[in-house]
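The structure displayed is predicted, hence computed values, not measured ones.
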Amino acid sequence: MKTVITFIIGIVTGAYLAAQTNVLHMPTFHLPKTLAVDPVLIGFAVIVVLTILSATGKRGSK
């Protein structure tokens, strides 16, 4: 349940910040269209999985 609440709060916060950047005309950073997203996403997924696996190992050693 905490994950769902955190997810919803993240979406609301992101929408609020996007609205503020549009209203205040703050500079935004745009990624180039030629950026290879697949290796970045795969690397991020591997890091997340390794973090989860190491956290579960620490819980099991109590």
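Here the NZ-CD1 distance, from K2 to I9, works out to 12.0 Å after rounding to the nearest 0.5 Å.
I8 is not connected to Y16 by any chain of hydrophobic side-chain contacts under 4.5 Å among Ile, Leu, Val, Met, Phe, Trp and Tyr, and they are in different clusters.
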Practice task
List the steps, then state whether side chain to side chain contact (heavy atoms under 4.5 Å, CB included) holds for I11 with F7.
Solution key: CA-CA 6 Å; I11 292 174; F7 181 73; 3.4 Å; yes
